[in-house]
Novice: 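I am attaching a structure below and will ask some questions about it afterwards.
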Amino acid sequence: MAVQAAEKDGINVEDDQLNDSLGNPGLISPDKEDLSRLLTVPFSGRIRGGMRPGKKIIVMGIIDLEPDSFDVSLTCGRDSEKDEPPYDVALKLTARFNDRQFLRSARISGKWTVEEASTSYFPFIPDQPFRIEIHCEHQRFRIFVDGHQLFDFYHKVKSLPSIDTVRIHGDLQITKLG
């Protein structure tokens, strides 16, 4: 417990303790084991045990001062980093600032689905913090930003446990993942 608390506070801990704590991390474990660079963007991290109904992914961060876009993706096939064949994307959330769109799509067997775009409002503000929650349900993902439910995205990837990676790119800093 003490090691995990020290880790969160960014305090350096002994190497042997560090290895022990990293052997049993929380929900998402970054690819790099260097704590100083854990949440750098672009980010790729493992979703331990894959997705299942009742599980949620939380991304907290701060939008850059002059953002173009950022995206948060839940993907399959953690070990297929190569683009041939491209890994399936169960959910890709893209925030575009020029036209204030919050889009979602998926990629199955190399083909992207039609982007879904309707939202009641655009929730992101440059240079401001945000919290995205992706709740996995039996039929869909339910997406919340800063506590407000924005939209649902019905599952295109039917095997939820195969959704094993979260990837984050673009004009933001990540402050916390869970």
Side-chain angles (χ1 to χ4, degrees), residues 3-4 7-8 18-62 69-96 102-116 124 130-146 149-178:
V3 175
Q4 288 174 331
E7 221 179 279
K8 285 195 181 93
L18 188 61
N19 290 340
D20 289 346
S21 69
L22 282 169
N24 185 22
L27 182 63
I28 297 172
S29 51
D31 290 347
K32 304 180 193 71
E33 295 197 347
D34 173 1
L35 285 179
S36 66
R37 303 203 330 264
L38 279 189
L39 298 178
T40 53
V41 178
F43 173 88
S44 174
R46 179 189 308 269
I47 300 169
R48 297 178 68 76
M51 292 302 286
R52 63 175 184 276
K55 199 165 191 174
K56 66 181 175 184
I57 302 291
I58 299 173
V59 179
M60 296 173 67
I62 300 171
S69 67
F70 70 84
D71 55 73
V72 176
S73 302
L74 303 183
T75 68
C76 308
R78 163 151 200 84
D79 299 322
S80 59
E81 288 296 318
K82 298 167 281 307
D83 283 338
E84 299 295 326
Y87 49 80
D88 283 350
V89 177
L91 172 66
K92 180 179 182 179
L93 299 173
T94 303
R96 266 195 339 226
F102 194 23
L103 309 166
R104 50 266 180 216
S105 58
R107 181 173 64 194
I108 310 298
S109 305
K111 293 194 167 36
W112 285 99
T113 61
V114 174
E115 281 184 326
E116 298 174 22
F124 303 106
F130 67 88
R131 174 189 176 106
I132 297 173
E133 290 186 35
I134 303 170
H135 294 234
C136 184
E137 298 182 356
H138 285 280
Q139 304 291 325
R140 64 193 169 196
F141 293 112
R142 185 156 265 192
I143 289 83
F144 295 79
V145 176
D146 298 330
Q149 183 187 330
L150 279 196
F151 45 75
D152 294 341
F153 186 80
Y154 285 85
H155 293 310
K156 314 294 191 271
V157 171
K158 300 304 183 191
S159 170
L160 300 179
S162 71
I163 305 168
D164 60 6
T165 306
V166 60
R167 299 170 191 270
I168 303 171
H169 298 264
D171 303 321
L172 76 165
Q173 298 168 346
I174 307 167
T175 54
K176 189 172 182 188
L177 278 175

Novice: Given Phe43, which partner from the list Val72, Leu172, Ile168 fulfils the side-chain contact (heavy atoms from CB on, under 4.5 Å) test?
Specialist: Ile168

Novice: Please find the pair of heavy atoms, one from Arg142 and one from Phe144, that lie closest to each other, and give the distance.
Specialist: CG-CE1, 3.5 Å

Novice: So, do Tyr87 and Thr165 sit near enough that their side-chain heavy atoms are less than 4.5 Å apart?
Specialist: no

Novice: For Gly110 and Asp88, work out which heavy atoms get closest and say how close.
Specialist: N-OD1, 4.4 Å

Novice: Strictly below 4.0 Å, N to O, side chains only: are Lys156 and Glu116 in salt-bridge contact?
Specialist: yes

Novice: Determine the minimum heavy-atom distance between Thr75 and Arg167, stating which atoms define it.
Specialist: OG1-NE, 2.9 Å

Novice: Considering only heavy atoms from C-beta outward, does the side chain of Thr175 approach that of Leu39 to under 4.5 Å?
Specialist: no

Novice: Show your reasoning for whether side chain to side chain contact (heavy atoms under 4.5 Å, CB included) applies to Leu93 and Ile134.
Specialist: CA-CA 10 Å; Leu93 299 173; Ile134 303 170; 3.9 Å; yes

Novice: Of all the heavy-atom pairs spanning Asp171 and Phe70, show the shortest one and how long it is.
Specialist: N-CB, 3.7 Å

Novice: Roughly how far apart are Arg104 CZ and Lys92 NZ, rounded to 0.5 Å?
Specialist: 14.0 Å

Novice: From Lys56 NZ over to Ile143 CD1, what is the distance, rounded to the nearest 0.5 angstrom?
Specialist: 13.5 Å

Novice: Is there a donor-acceptor pair under 3.5 Å between the side chain of Thr94 and the backbone N or O of Leu103?
Specialist: no

Novice: Please tell me if the side chains of Cys136 and His155 come closer than 4.5 Å, counting only heavy atoms from C-beta onward.
Specialist: yes

Novice: Determine the minimum heavy-atom distance between Ile62 and Phe130, stating which atoms define it.
Specialist: N-CE2, 3.6 Å

Novice: What's the separation between atom NE2 in His169 and atom OG in Ser44, rounded to the nearest 0.5 Å?
Specialist: 7.5 Å

Novice: Could you tell me whether the side chain of Lys55 reaches within less than 4.5 Å of the side chain of Ile47, counting heavy atoms only?
Specialist: yes

Novice: Kindly say whether Arg131 contributes a backbone atom to a donor-acceptor pair with the side chain of Asp146 at under 3.5 angstrom?
Specialist: yes

Novice: Does any non-hydrogen side-chain atom of Phe141 lie less than 4.5 Å from one of Ile57?
Specialist: no

Novice: Side-chain contact test, heavy atoms from C-beta onward, threshold under 4.5 Å: evaluate it for Lys176 versus Ile58 and give yes or no.
Specialist: no

Novice: Please find the pair of heavy atoms, one from Cys76 and one from Val157, that lie closest to each other, and give the distance.
Specialist: SG-CG1, 3.9 Å

Novice: For His135 and Glu137, test the side chains for any donor-to-acceptor distance below 3.5 angstrom and give the result as yes or no.
Specialist: no

